[in-house]
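Let me begin by presenting the structure, written as structure tokens, before commenting on it.
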Amino acid sequence: MKTRQYSLFEDSPENEANQQPPTASQKQKKPENDEPQSSYSGRPAELSFDIEATGRSPISDSVVGISLCRETGKAFYVPIRHTASPNVSDALAILKDTLEDESIPKIGHNLKYDMLIVRQEGIHVKGTLYDTMLASYLLNPNKPGHSLEDVAIEYLMHKKNPFANVLGKRSSFSEVPLDEATRYAAEDAELAMELRNILFERLKTEDLERLYFDIEMPLIYILADMEEAGVKVDRKIIEELSKELDRELDVLQARIYAIAGETFNINSPKQLCKILFDGLGLKPLKKTKTGYSTGVDVLEELAKVHELPGEILNYRTLHKLKTTYADTLPRLINERTGRIHTSFNQTVTATGRLSSSDPNLQNIPVRGEWGTRIRESFIADDGCVLVSADYSQIELRILAHISGDPGLADAFKSDIDIHTKTAVELFGVPGSSVTGEMRRVAKIVNFGVIYGMSPYGLSEALGISPKEAGTYIDQYFKSHSGVRDYMKSTIETAKELGYVTTLLGRKRPIPEINNASANSRQQSERLAINTPIQGTAADLIKIAMINLWKRIREKKLKSRMVLQIHDELLVETPEGELEAIKELIKREMENALTLSVPLKVDIGWGKNWAEAH
DNA sequence: CACGTCAGC
DNA sequence: CGCTGACGTGG
């Protein structure tokens, strides 16, 4: 192999140095000793890299170039597939050894993205990952964005990159002239290298190192696998569903126009207000910032006195399902894989949950006949089944653990129906006399507890007066003083420290907790109460995912996780592995953490997601 | 791009 | 009352 077949293009704008690139022959040599290599003669001690690609979707886009940095002040750009530029067809092949070397730590900003892009070139990045985007997120999950630019501005007082809009009118990075591309791209790898030093030092002082290395870093690999795997959607089923919804919507539309006596845009809340409140003279029950509300609560109430609001609600439901799911999902089936590949975002939520986007597969409908129909289109590959495993009452169990409330803990230890138990306490009747309505109220109160309920909020949810809601809250805390004490002390801690933490030490700053405004303060108090509960549940399922993934590898099973929906894992498994994987999933999920109350996981399976549930 | 609305946990 | 993302409307 020729040693200097390609040239690495220098370099960041402020650095004129033109160092020798590592040559292919040198790269294949093992270092003479285990000392970190700071010279360019051997393997890098660690490597910062950043992929430039044709677009933002790592499953369907491909590599244009890669920038590399092994010490601050010196960065390189290797063009791979630029139009009208010297390209290096085997540059990636030469880098493969380094990127796959487990002993070389990798530094980057949003490494999951870069990992997925190079996987298409047959490169499987391995080793310790220093992801500066994740580090920034753990240091402040309230931050609205963690782009390299955002983070560099905050921590390096970095000025905006003058080449930031290097794309301009060009359709892809591959169109960018090499000199511009180099100055733009090389800087990114170098920025990540500089940020690593600062952010990981800060992680240590903030006691977030274990959360990073034990949970978030291993999860990068798992989420990359899940995104790469995708989930199979039956195009025929979903497209047929769309047609059916279309026909149904036509019927509803005609009916609505007939009742209203005129045509209008049903999807426009503004036009709907005119029809409802001006035309029919119905009473507006609630206001929004800009006018009268036509939300579901209002329309349900109005449906008692007129036939139109009910039809509007039907129309809205079907329209939502059609436009958001039935029409959209088939378009997102990847041509190459025949599957849908979501993005699992690890640095978005303030509590530590994941989010899913493009498409969001964490809000696929589940209720109602149409919800079932949509989930029936999510299917297992040939010879496989889908296994759905979800935690039962995970947040209330976590509340029982962290509050130490005996009543709550006992309920879970004896596996009692928690909503019925709460109904018994609220209404002072024996369990056998609890009606459906009483249980419904109790369920909403239990949710309210987790959300840091206020009399106002609970009253809205129950459709009663804040005063009545207040008596439910009082009644609840009479039975659960442990929960009341926990909430009081959590708020006190938040006021002192300015942040709250989860069981695994994840932190969320609560900046407004001492705000002069009572509204803002009370809002902060609810965040302080909810975040440790929701955030610990997020920690817990992340641990379960890591442990399950390791066990699947150890046992060389073919099963693969495909979706995580906050308290549920969806696994695609060859039929022959079904019994084994059910056992494994249940064990790893129920034992992810040892709490003072047992964790319970319900498992189902089937050829599609509806059956599995 | 803000807003209202609604799908999920 | 907590946490999200996507759609259509209308400026």
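Within every chain, numbering begins at 1; the chains are lettered A, B, ... in the order of the sequence lines, protein sequences first and strands thereafter. Here the structure is a predicted model, which means the values were calculated and not measured. Basis for what follows: all heavy atoms, side chains included, without hydrogens, waters or symmetry-related copies.
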How close or far is atom C1' of dG2(C) from atom CG of L399(A), stated in whole angstroms?
13 Å

Ignoring hydrogens, what is the shortest heavy-atom contact between N140(A) and P509(A)? Give both atom names and the distance.
OD1-CG, 3.9 Å

Heavy atoms from C-beta onward define the side chain here; which of dC3(C), dC3(B), dC1(C) lies closest to that of L527(A)?
dC3(C)

Taken to the nearest whole Å, CG/L396(A) to C1'/dG2(C) is 13 Å

Do K320(A) and dC6(B) have a side chain to base donor-acceptor pair shorter than 3.5 Å?
yes

Sole candidate of K236(A), K243(A), R235(A) that passes salt bridge (Lys or Arg N to Asp or Glu O under 4.0 Å) when paired with E239(A):
R235(A)

Any K270(A) side-chain N or O less than 4.0 Å from OP1/OP2 of dG11(C)
yes

Can you tell me if Q523(A) touches the phosphate of dG2(C), counting only side-chain N or O atoms and a distance under 4.0 Å to OP1 or OP2?
yes

So what does N265(A) touch, heavy atoms closer than 4.0 Å: a base, only the sugar-phosphate, or nothing?
sugar-phosphate

Below 4.0 angstrom from OP1 or OP2 of dG10(C), is there any side-chain N or O of S268(A)?
yes

Within the 4.0 Å heavy-atom criterion, would you say V449(A) contacts the bases, only the backbone, or no part of the nucleic acid?
nothing

Under 4.0 angstrom, heavy atoms only, what part of the nucleic acid is Q534(A) near: base, sugar-phosphate, or nothing?
base

Heavy atoms from C-beta onward define the side chain here; which of dT4(C), dC9(B), dA7(B) lies closest to that of S355(A)?
dT4(C)

Residue that, paired with F378(A), satisfies side-chain contact (heavy atoms from CB on, under 4.5 Å) out of N608(A), L361(A), I238(A)
L361(A)

Kindly point out which of dT5(B), dG2(C), dA6(C) is positioned nearest to the side chain of D358(A)?
dA6(C)

Check the side chains of S343(A) and R56(A) for a donor-acceptor pair under 3.5 angstrom, ignoring hydrogens and angles.
no

Give me the one residue out of E227(A), E228(A), E572(A) that meets salt bridge (Lys or Arg N to Asp or Glu O under 4.0 Å) with R560(A).
E572(A)

For E525(A), which contact category applies under a 4.0 Å heavy-atom criterion: base, sugar-phosphate, or nothing?
nothing

Just how far, in rounded Å, is P of dG8(C) from CG of L318(A)?
15 Å

To the nearest angstrom, the CG-P distance between L276(A) and dT5(B) comes to 11 Å

Can you see whether S60(A) engages N334(A) through a side-chain donor-acceptor pair at a distance of less than 3.5 angstrom?
no

OP1 or OP2 of dG10(C) less than 4.0 angstrom from a side-chain nitrogen or oxygen of Q271(A), does that happen here?
yes

Within-4.5 Å side-chain heavy-atom neighbours: L462(A) and Y472(A)
yes

Sugar-phosphate only, base, or nothing, as touched by I364(A) at under 4.0 Å among non-hydrogen atoms
sugar-phosphate

Please tell me if S356(A) has a side-chain N or O lying less than 4.0 Å from either OP1 or OP2 of dT4(C).
no

Touch check for I565(A), heavy atoms < 4.0 angstrom, all strands: base, sugar-phosphate only, or nothing?
sugar-phosphate

Taking any heavy-atom pair under 4.0 Å as a contact, classify E395(A): base, sugar-phosphate, or nothing.
nothing

Checking all strands, does T328(A) fall into the base, sugar-phosphate, or nothing category for heavy-atom contacts under 4.0 angstrom?
sugar-phosphate

When you measure only distances, ignoring hydrogens and angles, does the side chain of R316(A) come within 3.5 Å of the base of dC6(B) through a donor and an acceptor?
no

Base, sugar-phosphate, or nothing: which does G452(A) touch, judged by heavy atoms less than 4.0 Å apart?
nothing

Testing dG8(B), dC9(B), dC3(B) for proximity to the side chain of T290(A), the answer is dC3(B)

Starting at CG of L272(A) and ending at P of dT9(C), how long is that distance when rounded to a whole Å?
13 Å

Please state how far atom OH in Y451(A) lies from atom P in dT4(C), giving the value in whole angstrom units.
12 Å

Candidate nucleotides dT5(B), dG8(B), dG5(C), ranked by approach to the side chain of R367(A) - the nearest:
dG8(B)

To the side chain of T324(A), which of dA6(C), dT5(B), dC3(C) is closest?
dA6(C)

Which of the following nucleotides, dG8(C), dG10(C), dT4(C), is nearest to the side chain of N267(A)?
dG8(C)

In whole angstrom, what separates H319(A)'s NE2 from dC6(B)'s C1'?
12 Å

Whole-Å distance separating the CD1 atom of I444(A) from the P atom of dG2(C):
15 Å

So, is T294(A) close to the dT5(B) phosphate, meaning a side-chain N or O under 4.0 Å from OP1 or OP2?
yes

Does a side-chain N or O of T351(A) approach OP1 or OP2 of dC3(C) to a distance below 4.0 Å, or not?
no

Parallel, tilted or perpendicular: which one describes the rings of W609(A) and H613(A), with boundaries at 30° and 60°?
tilted

Would you say dC3(C) has OP1 or OP2 under 4.0 Å from some side-chain N or O of R508(A)?
yes

Would you mind telling me which of dG5(C), dA7(B), dC1(C) lies closest to the side-chain atoms of M453(A)?
dC1(C)

If you look at every strand shown and take non-hydrogen atoms under 4.0 Å, does N363(A) touch a base, only sugar-phosphate, or nothing?
base

Minimum-distance nucleotide (side-chain atoms of S357(A) versus dC6(B), dG5(C), dC3(B)):
dG5(C)

Base dC1(C) paired with R526(A) side chain (donor-acceptor, <3.5 Å)
no

NA contact type, A350(A), heavy-atom cut-off 4.0 Å: base, sugar-phosphate, or nothing?
sugar-phosphate

Give the nucleotide from the list dC9(B), dG5(C), dC3(C) with an atom nearest to the side chain of N530(A).
dC3(C)

